[in-house]
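The structure appears below as structure tokens.
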Amino acid sequence: MAYCQRCGGYCADHYTYCRECYFKLGQPAGMAISRGHKCRGCGATIYGRYNYCMSCAKRKGFIKK
């Protein structure tokens, strides 16, 4: 659970702004998902909208290469 950096309302763990503030700010590039969050597999800090880091994603079979 995370909080919007503009209004303090609830937003998803890896999001910087809630949906309403994101659109009010004119959808700033790169700002929707810039908050670091924990990998569900190993606990490493990752950025973006993914739930697993690269090594955990490969180990779980999400990445084939």
Side-chain angles (χ1 to χ4, degrees):
M1 182 171 168
Y3 297 97
C4 175
Q5 291 183 0
R6 182 173 181 259
C7 71
Y10 169 77
C11 60
D13 286 339
H14 51 284
Y15 282 82
T16 306
Y17 302 112
C18 66
R19 184 179 181 91
E20 185 177 332
C21 288
Y22 179 69
F23 286 107
K24 282 183 181 177
L25 291 170
Q27 302 176 14
M31 293 304 298
I33 53 175
S34 63
R35 180 178 288 150
H37 59 285
K38 302 281 184 193
C39 170
R40 288 187 181 177
C42 66
T45 301
I46 55 175
Y47 296 91
R49 67 169 104 181
Y50 303 106
N51 293 320
Y52 297 100
C53 65
M54 289 295 287
S55 61
C56 289
K58 285 180 183 176
R59 190 172 45 238
K60 290 188 169 284
F62 295 130
I63 299 173
K64 302 297 181 195
K65 292 182 180 181

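Keep in mind the model is a prediction, meaning the values are calculated, not measured.
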Scanning both residues in full, the closest heavy-atom pair of Ala57 with Tyr52 reads N-CB, 4.1 Å
Residues at least two apart in sequence or cross-chain that pass side chain to side chain contact (heavy atoms under 4.5 Å, CB included) with Cys42, listed by chain then number, are Cys39, Ala44, Cys53, Cys56
Separation between SG (Cys11) and CD (Gln5), nearest 0.5 Å, reads 8.0 Å
The reported gap from OH in Tyr17 to NZ in Lys24 (rounded to nearest 0.5 angstrom) is 13.5 Å
Those residues at least two apart in sequence (or on a different chain) that pass side chain to side chain contact (heavy atoms under 4.5 Å, CB included) with Lys38 are Thr45
Value for SG (Cys4) from CD (Glu20), rounded to nearest 0.5 Å, stands at 9.0 Å
